[in-house]
Structure formats: structure tokens, C-alpha cells
Amino acid sequence: MIVVAWDGDNDTNDPYNWPLWKKWQATGIGLLASFICSMNGTILTVAHTAIGEEFHISDATFPNSYWLTTSWAIGAALCPLLLFPVMEDFGVRPVLLTTYFCFVCFLIPVGLATNFATLIVVRFFSGGCVPLISDAVAGITSNTFHGDRARSVPICLYVTIYLAATSLGPVVGSSILQFLSWRWIGYIELIWTAALFPILIFGLPESRGPAILLARAKRLRREGKNAYTTEKIDRVTLPRLILQSVQRPLYMLCTEGVVFVATVWAAFSLGTIYLFTQSVEQVYSELYGWDPIQCGYIQIAIVFGELLGGGFCILTNPWYYASAARNTEAPGTPIPEARLHASIIGGFFGVTGGMFVYGWASYTSIHWMAPTVGLAMVGFGTTAVIAGNANYLIDAYSKYAVSALGAVGFVENISIAFLPLAATAMYTKLGFQWASSLLAFVSLALVATPFVVLQWGKEIRSYSPFMQEATVERRRGSAAVAGV
């Protein structure tokens, strides 16, 4: 039997050995797909009035129109847990292309829907497709860029583009709704999404190493040779792989304090971004008499803040690299907790400070630009929090990072589904100032938690079997660098 493996450390078919342009080609095409699809989560929110009038859905006592986004987010929470392991067996390319094709199909009924229930159902399935496409981008990054330093910029871009696309949804929806009916939001989104599909088909290479080796083994078997890969020999059955994919993130969420805190923090921050799809219209319409289209346009401020947050994360990467000089646990390698400095700054000055500005600038006597600055600050902070936490979990948990990030993604989407449902009641009963202040105080409490990790990071890692394994790998890497 022939065991198929790479032809040495310099095998050019190994994605780690690809030329830089090819790595960025694969990553860039994946990021473009993520950007196009991630707008889907919020693009219909600005059309809630038109959809409600046509299908007789009232928001008088409850934001029933938000069920379109709630359904989307529930699909986004459940589908990756069940379906992402398929990528392990079949590779990134076929899973991404298949998921993207399904996403295009689920866009067709949006413009043709004859009732509200149809929209809710198709939104559930399109929501399930989007995180699979976005997670595939994270997979491409980890498959092609080797090491924490090489992955830092692609991960920051991945988070920034996902968040910016999410916040851009209401802006794009408003630009369509200003001239056409709400159904054209579905039609136009279908057109540009389908137009990208050929680029994915012809431009996206397979980046998962084991899948490339498996294809090589299949070619050899067609030539009559008994060839298999090591993964094929030691393969875990797909049902067991799916069960493990569901169990481990939930287990880590319940038993790993660091994962729990990072998850709650990221979920709250992202949930706040979606909460703005409800509160912004309420605040700006009552204070300044704006219509839903104008309120959709103003959310471009959040996008601007998110882009600044992504740039901030990239510029602060040297803080993380500099921590290697003071690492006594694994000399020469950066300390994972150093990733949290950007998160703390973003959480305190961005999310917390931005919510206070957004709340206490919400008076008719104050120009509309003042609360808009608060929106931009929250966008900045959310990107810094989510990117910083993601990089920290990747470094701290190493090969278990996918499960840790799976827990984060699951709770993030649950937060997206239900936190904004409380927006109307909060901002009505507490008032604009104290509703935003309540969110700011929650954010402030969450910002305090990373200081515990910074102070006792080594001790915390010593109690976690998942982190201990990653620590051993870092020590080996440090020893290899030192020539020991």
C-alpha cells in the first residue's frame, strides 16, 4: 500500500508553500464571497414597513418584522455546527461552492414571496449558508498562512469584512428601496450574488491539504495503485465527526471560563450592531423626523467605525509580537493574552464609550452628527473586540481553536436573533439615554474580565487541558527555533 504524503517540506502543492499571490488569491476570493453574502443578514431590515403593510404584519406591540432576521440568525447558529465538519472530508472548495449555490437558490423566493411565512423559511436557510461561507474563508486562511504572525492580517480582514458587510446591509437596502419596491432588494441581491459565482468556480483553488492529498491518492488508485492518505487510514466516520463538532464547542463553552467570557463579550458586541437596525430608526425618526430610508443610510457610520477598528487591530499586531521578549513560559514566542490589549481598548473606548455618546447625545437640541459619532465608535470597538478575541482563542487553543470559535459563533448568532427584539421596549420604557447607558454598563463589566486573564493567564492555561496541549506545542516551537 502507498501512503500518499507531501514530497518533502518544499512540495509546491502544499498550500503552506504556495507563492504569496496564490495565497491571497484564494483568501481574497473567499473574502469577496463572505462580503457579498454577509449583507444578507440585515439588508431587508429597512424594508420592514413595506413588508408589514403588504403582509399585514404589525410592529405596534412587538417588533414582528424582525422575525426575518431572527430566523436568519437561528439558521446561522445551527447549520455550521452540523455541516462544517463536512469540509474536513470534502475540502473547502466543493463545500463553499455547494453552499454558495444553495444560497443563490434561497435568494430566489425572496422577491417572489406571497406571504410572510415564506420569507421566514427561506431566510432560515440563507442564514444557515452565510456562516458556512464565511467560516470557509477562515479555513482558507488557516490552510495557507502558517503561524500566528502570517495569519494575523488575514484574520483581521476576515472579521472586519464580515462586520462591515453586516452593517452595510441597511445602507444598500435603503439605496434600493428609495427607488424600487422592497421585492427588488431580493432581485438585485440575487443578481450580484449569482454574478460572482463564476469567479468562485474558476478562481478558487482547493486549499485544504488533506483534500489535495486525497485527490492525489484517487488519481493513483485510478492508475491501479493501492494508494491512501494517512487521514483516510485513520478516518473518523462522518456521523461521529458531526457529533464531535456539536459536542466539543458546547462542552468548551460550559467548562472553559475563557471561552465563556470571550463568547459572551463577542456575542454582546455583535448583538449590539444588530440592535442598531432597530434602535437607530426609533431614535432618529422621533428626534429628527427621519424616514426608514434615511435611518438606513446613517448606518454607514458604523461601517466607517468598523473599518477603523480593523486598521487598529492590524496596527497593534506589533504589541503582540513584542510580548515574545517577556515570555518566560515559551521564550521567543508571543504571549497569547497580549492579543487582548486591542479588545480592551476597543471595548472600553469603542463599545462602552460609543453607547454613552449615542445615548446622551440623543436630544432634539443636539445635532444628529453627535449620536452618529457614537455609532461609529461602537463599530470601531466591536471590530477590535471580536478580532482580538478571535486571535486570542486561536493562539491559546491551537488545534482546538475551531471548536472555541464554533462556540463563539453559535452564541453570537443567538444574540443576533433575540437581543434586538428587546430594543423597541428598552428604548421606549427606559428612554433613549438610559437604554443606551444600560448597554454601556454591560459592556463596561465585560471589559473588566480580560484583566483577570492578563494577570493570571499562565495559571488559567495550566488548569485547561485544551490550553495545556497548545502550550506544549508553543514550547516545542520555541525549542526548535532555539536549535535545542
Side-chain angles (χ1 to χ4, degrees), residues 42 45-49 52 59-63 65-66 69 163 166-171 173-175 177-178 268-309 345-385 415 419-447:
T42 55
T45 56
V46 295
H48 69 93
T49 301
D59 286 342
T61 58
F62 188 82
S65 61
Y66 191 76
T69 306
L163 292 174
T166 295
S167 299
L168 198 60
V171 180
S174 293
S175 65
L177 196 62
Q178 184 174 358
F268 171 80
S269 300
L270 186 57
T272 301
I273 294 294
Y274 273 78
L275 182 140
F276 283 144
T277 65
Q278 306 299 297
S279 72
V280 164
E281 183 173 337
Q282 186 176 358
V283 170
Y284 283 75
S285 62
E286 291 190 25
L287 293 180
Y288 312 114
W290 289 15
D291 59 32
I293 293 176
Q294 290 174 302
C295 295
Y297 279 133
I298 200 62
Q299 295 188 57
I300 193 69
I302 306 173
V303 180
F304 179 72
E306 287 164 344
L307 295 176
L308 290 178
I345 293 173
F348 183 77
F349 293 102
V351 181
T352 304
M355 289 308 300
F356 277 127
V357 171
Y358 177 62
W360 292 98
S362 296
Y363 289 98
T364 53
S365 58
I366 299 177
H367 194 274
W368 59 265
M369 277 298 297
T372 304
V373 170
L375 294 178
M377 291 172 65
V378 174
F380 166 85
T382 298
T383 304
V385 167
S415 175
L419 179 61
L421 290 173
T424 302
M426 282 176 53
Y427 278 80
T428 300
K429 294 180 179 179
L430 297 178
F432 299 158
Q433 294 75 35
W434 286 107
S436 294
S437 295
L438 174 61
L439 296 171
F441 285 127
V442 173
S443 174
L444 185 62
L446 291 171
V447 171

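Side-chain contact check for Leu439 versus Met426: some heavy-atom pair is nearer than 4.5 Å. The closest side-chain heavy-atom distance from Tyr288 to Thr364 is not below 4.5 Å. With contacts defined as side-chain heavy-atom distances shorter than 4.5 Å, the pair Leu163/Leu270 qualifies. Side-chain contact check for Ile293 versus Val46: every heavy-atom pair is 4.5 Å or farther apart. Using a 4.5 Å heavy-atom threshold, the side chains of Phe62 and Leu421 count as touching.
In terms of the side chain to side chain contact (heavy atoms under 4.5 Å, CB included) criterion, residue partners of Leu308 (sequence neighbours excluded) are, by chain and number, Phe304, Phe380. Checked against side chain to side chain contact (heavy atoms under 4.5 Å, CB included), Ser437 has the following partners two or more places apart in sequence or in another chain: Phe356, Trp360, Trp434, Phe441. With sequence neighbours excluded, no residue forms a ring-ring contact (aromatic ring centres under 6.0 Å, His included) with Phe268. Residues that satisfy the ring-ring contact (aromatic ring centres under 6.0 Å, His included) test with Tyr363, not counting sequence neighbours, are absent from this structure. Applying the ring-ring contact (aromatic ring centres under 6.0 Å, His included) test to Tyr274 and every residue at least two apart in sequence or in another chain returns nothing.
The two residues Val171 and Gly296 come nearest to each other via the heavy atoms CG2-O, 3.4 Å. Between Ala423 and Gln282, the closest heavy-atom pair is O-OE1, 4.0 Å. Closest non-hydrogen pair, Met377 versus Gly353, comes out as CE-C, 3.7 Å. The two residues Ser174 and Pro292 have their closest heavy-atom pair at OG-O, 4.1 Å. Ser167 approaches Ile302 most closely through the heavy-atom pair OG-CG2, 3.4 Å. Closest approach of Met355 and Ala440 over heavy atoms only: CB-CB, 3.7 Å.
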Please list, one pair per line, the donor and acceptor atoms closer than 3.5 Å that link side chains of residues 367-376 to other protein atoms, with sequence neighbours excluded.
{"from": "His367", "atom 1": "ND1", "to": "Met369", "atom 2": "N", "distance (Å)": "3.0"}
{"from": "Thr372", "atom 1": "OG1", "to": "Tyr284", "atom 2": "OH", "distance (Å)": "2.8"}
{"from": "Thr372", "atom 1": "OG1", "to": "Trp368", "atom 2": "O", "distance (Å)": "2.7"}

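Taking OG of Ser269 as the start and CG of Leu275 as the end, the distance is 12.0 Å to the nearest 0.5 Å. Atoms OG1 and CD1, from Thr383 and Ile273 in turn, are 7.0 Å apart once rounded to the nearest 0.5 Å. Distance CG/Leu438 to OH/Tyr427: 9.0 Å, rounded to 0.5 Å. Note: Ile298 CD1 to Trp290 CH2 = 4.0 Å, rounded to the nearest 0.5 Å. In this structure, CG in Leu168 is found 9.5 Å from CD in Glu306, a value given to the nearest 0.5 Å. Atoms CD and OG1, from Glu286 and Thr428 in turn, are 6.5 Å apart once rounded to the nearest 0.5 Å.
Of the N and O atoms on the side chains of Gln178 and Tyr297, at least one donor lies less than 3.5 Å from an acceptor on the other residue. A side-chain donor from one of Thr352 and Ser443 sits under 3.5 Å from a side-chain acceptor of the other. Using a 3.5 Å distance cut-off with no hydrogens or angles, the side chains of Glu281 and Thr45 do not pair a donor with an acceptor. Looking at Tyr358 and Ser279, their side chains do bring a donor and an acceptor atom within 3.5 Å of each other.
With hydrogens and angles disregarded, a donor-acceptor distance shorter than 3.5 Å links the side chain of Thr42 to the backbone of Thr166.
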inquiry  = If you apply the rule side chain to side chain contact (heavy atoms under 4.5 Å, CB included), what do you find for Thr272 with Val378, and how did you get there?
reply    = CA-CA 8 Å; Thr272 301; Val378 174; 4.1 Å; yes
request  = I would like to know whether Gln299 and Thr277 meet side chain to side chain donor-acceptor pair (under 3.5 Å); could you show each step before the answer?
outcome  = CA-CA 8 Å; Gln299 295 188 57; Thr277 65; 5.9 Å; no
